[in-house]
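Down below is the structure, laid out as structure tokens.
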There are 2 protein chains.
Amino acid sequence: MAQRLGRYTLKMEHMPSIQGYAAVVGKKEGEGPLGKQFDYIYEDTTLGESSWEKAESRLQTDAVNRALKKAGVQSSEIDYIFAGDLLNQCISSTFGLRSLDIPFLGQYGACSTMAQTLALSAILVETGAARRCVAVTSSHFCSAERQFRFPLEYGGQRTPTAQWTVTGSGAAIVGNTGNSPYISAVTVGRITDLGIKDANNMGAAMAPAAYSTLTDFLQDTGTKPSDYDLIVTGDLGEVGSTLLKELLQKDGVDLSKNHADCGLLIFDKENQDVHAGGSGCGCAGSVLCSYLLNRLKSGELNNVLFMATGALMSTTSSQQGESIPGVAHLIHLKSSL
Amino acid sequence: MAQRLGRYTLKMEHMPSIQGYAAVVGKKEGEGPLGKQFDYIYEDTTLGESSWEKAESRLQTDAVNRALKKAGVQSSEIDYIFAGDLLNQCISSTFGLRSLDIPFLGQYGACSTMAQTLALSAILVETGAARRCVAVTSSHFCSAERQFRFPLEYGGQRTPTAQWTVTGSGAAIVGNTGNSPYISAVTVGRITDLGIKDANNMGAAMAPAAYSTLTDFLQDTGTKPSDYDLIVTGDLGEVGSTLLKELLQKDGVDLSKNHADCGLLIFDKENQDVHAGGSGCGCAGSVLCSYLLNRLKSGELNNVLFMATGALMSTTSSQQGESIPGVAHLIHLKSSL
């Protein structure tokens, strides 16, 4: 049974296993530094579908099916699927997963969704409410640009703080038996809003949420950053990562030694013209479900904090002059029991 | 600990208590048959805010604060809040609840959201992962029409199958101690898609999901509709309710005696010009968190199945010619342990 540590953290006594996982991405992501880690790279942004939204749905279908296959389980052996994405009404998830016939719980945490779906999967498995769950998320550069910013055909110029939405999906099968990697603890974040209003500077809007959740976890567990091999944020990018370190520094907490950000890992900043880094649910999702879990599985990493952050605004809220609330959820991953 | 009955149902051994609940609605809902049941009726659709979206956020803030007060608990005593709504990126929830400082898990289940948030709250409380959770949802006629159909100023004519989105919010505090009503079991639904494409006929799109989930529950528990005082659907309205009964009839299951639909309960069909009935997350949310829970609390009802259904499409998916997938989640409510 899950045990509460401090105010915000749930410690897993049985440590659910990530029985299988998979990440599929687009061409640009495949050309980046992590290219060899992904399960499949799609050369065409449409995946042969008639729209980018349908293509994004296909990314989720494919990631889940590959993860199921790698775990050696059928969809009928899954009790719940936790899924979400950035599109209005989460249609990548609902259309991508409708044929699986698995009890479906749609999640909305913006770019924090991979951590949110993993957290709920882990809690349900740990407590015996489920034997096996799927956690999945996706994003697609073209569907996200069309919905949140400008139609691609417009050719708008991107600001230096802008991030590049990752085309990709990550899926993980969480079960009550199995081998490494294991989920050791989860901390669900509170909404944080420091009044940032620039929709082209998501990193700055999300950094305070990451600061809040990481601080909660460190306080609840009585640990410090140096107790972990790696502390990985989702898609703070360059601006948000710097800000997070500054916020922690003020409390005397040093994150300079072992921090990485999925948004900075997935693209080559010098050669891929992505400005402040990658972003989107699919960024943290695809980096976790390839590079990071691979390194935990091999034992190269043993003790990792994965913390995905989300910016909880919409185009309507931005047009109405609202600021951008952020949230961050943290998953403590281990390579041994 | 939750015990699995059959393939899809979780039976609650400890039966979490709904410690407090509240519903706030708009003027039209206040003028309907349930008017006296609501905690507050807003005469003005804007609630004094500068937009309908901000007004909808206020409905959630208000419903949660009233439910907390009635339960006699502070927001600091809540472990998790499960919240969702119909607006793009669920901004009613994120903006309405950002000031509460409660660990936040955004849910997207369209109009099934009240059942989804209650299901997850109940599971976490039952299994000891949380001591107390909040389940909340909302909808607003004006923000929904603007986003999903036509701007109100356009004055478009409504089809006979069209439903009227409820302006309202319902919130419930679920805890591991307390009095009636209790949550006895939950069944999480699978996505169902029979190919309905008419976005003005949501009832027909959602009825197959209700049929699927109710059938799962009845099979898992070995019960029949007559074993319950009332079986309440969320917002199937007139068209969807008729269809649900027809689908069940083919299996020899009789729902004609004790079925009600929140969308048909909340408005006076003859005098309020709502065509096929009320709809929206706030429909099932506000009817549950007033009329239904009041009758369970008083013992007038003892054994109720509450099943909210959601249509999982977006304007984009409809424009791209997609059908409308549906989902339904079921909560078994009891007035005594």
Side-chain angles (χ1 to χ4, degrees), chain A residues 1-4 8 10 50-51 53-54 76 79-80 84 86-91 93-95 97-110 116 119-120 123-124 126-131 143 147 187-193 310 312-317 320-322 325 327 329, chain B residues 1-4 7-8 10 50-51 53-54 79-80 84 86-91 93-95 97-110 116 119-120 123-124 126-131 143 147 187-193 310 312-317 320-322 325 327 329:
Chain A
M1 173 175 148
Q3 192 195 332
R4 191 159 285 272
Y8 298 109
L10 275 179
S50 58
S51 74
E53 290 76 14
K54 292 182 185 185
S76 59
D79 287 330
Y80 302 104
L86 293 175
L87 294 186
N88 298 343
Q89 289 74 53
C90 299
I91 53 167
S93 303
T94 57
F95 286 90
L97 307 172
R98 62 182 156 175
S99 62
L100 289 175
D101 208 36
I102 300 171
F104 178 85
L105 291 157
Q107 303 297 306
Y108 189 75
Q116 180 171 329
L120 283 167
I123 293 171
L124 264 64
E126 165 77 11
T127 60
R131 290 153 296 189
S143 63
Q147 179 180 283
T187 303
V188 172
R190 295 163 284 150
I191 299 176
T192 308
D193 190 340
L312 301 172
M313 89 303 172
S314 75
T315 51
T316 302
S317 68
Q320 293 181 0
E322 277 283 10
V327 76
H329 307 302
Chain B
M1 175 174 146
Q3 193 195 330
R4 190 160 287 271
R7 169 78 181 91
Y8 298 108
L10 276 179
S50 58
S51 75
E53 290 76 15
K54 293 183 185 184
D79 287 331
Y80 302 104
L86 293 176
L87 294 186
N88 298 343
Q89 289 73 54
C90 299
I91 54 168
S93 303
T94 57
F95 286 90
L97 307 172
R98 63 182 155 175
S99 62
L100 289 174
D101 208 34
I102 300 170
F104 178 86
L105 291 155
Q107 302 298 306
Y108 189 76
Q116 180 171 330
L120 283 167
I123 293 171
L124 266 62
E126 166 77 11
T127 59
R131 290 152 297 190
S143 62
Q147 179 180 281
T187 304
V188 172
R190 294 163 284 151
I191 298 177
T192 308
D193 190 341
L312 301 172
M313 89 302 172
S314 76
T315 52
T316 302
S317 67
Q320 293 182 0
E322 276 283 10
V327 76
H329 307 302

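This one's a predicted model, so the numbers in the text were calculated from it and none came from an experiment. Both backbone and side-chain heavy atoms feed into the values below; hydrogens, waters and symmetry mates do not. Lettering follows sequence order; numbering is per chain, from 1.
- Note that the CG atom of B:L105 and the CD atom of A:Q107 stand 7.0 Å from one another [nearest 0.5 Å].
- Across A:G106, A:G128, A:A2, the residue that shares the most heavy-atom pairs under 4.5 angstrom with chain B is A:G106.
- Side-chain contact annotation: B:Q320 with A:S51, donor-acceptor N/O pair under 3.5 Å present.
- Interface check for chain B: of the options A:Q3, A:E126, A:K54, the most heavy-atom pairs under 4.5 Å are formed by A:K54.
- No side-chain heavy atom of A:E322 sits under 4.5 Å from any side-chain heavy atom of B:E53.
- Note: A:D79 CG to B:L10 CG = 8.0 Å, rounded to the nearest 0.5 Å.
- For the pair B:I102 and A:R190, the tightest heavy-atom approach, listed with the atom from each and the gap, is C-CG, 3.6 Å.
- For A:I123, the part lying under 4.5 angstrom from a heavy atom of chain B is the side chain only.
- Contact annotation: the side chain of A:L87 never approaches that of B:N88 to less than 4.5 Å [non-hydrogen atoms, C-beta and beyond].
- Note that CG of B:L120 and OH of A:Y80 are 9.0 Å apart. Values are rounded to the nearest 0.5 Å.
- Among B:M313, B:R7, B:H329, the residue with the largest count of heavy-atom pairs under 4.5 Å with chain A is B:R7.
- Nearest heavy-atom pair, A:L86 versus B:Q89, reported as atom, atom and distance to 0.1 Å: O-NE2, 3.0 Å.
- Closest heavy-atom contact between A:V327 and B:F104: CG2-O, 4.5 Å.
- A donor-acceptor pair under 3.5 Å links the side-chain atoms of A:T94 to the main chain of B:L312, judged by distance alone.
- For A:T192, the side chain to side chain donor-acceptor pair (under 3.5 Å) criterion is met by no residue, not counting sequence neighbours.
- When heavy atoms are compared at a cutoff of 4.5 Å, A:D101 approaches chain B by way of both its backbone and its side chain.
- Heavy atoms only, all atoms of each residue included: B:A129 and A:R4 are closest at O-NH2, 2.8 Å.
- No donor-acceptor distance shorter than 3.5 angstrom exists from the side chain of A:S314 to the backbone of B:I91, with no hydrogens or angles considered.
- Note: B:G189 leads B:C90, B:G189, B:G310, B:G109 in heavy-atom pairs under 4.5 Å with chain A.
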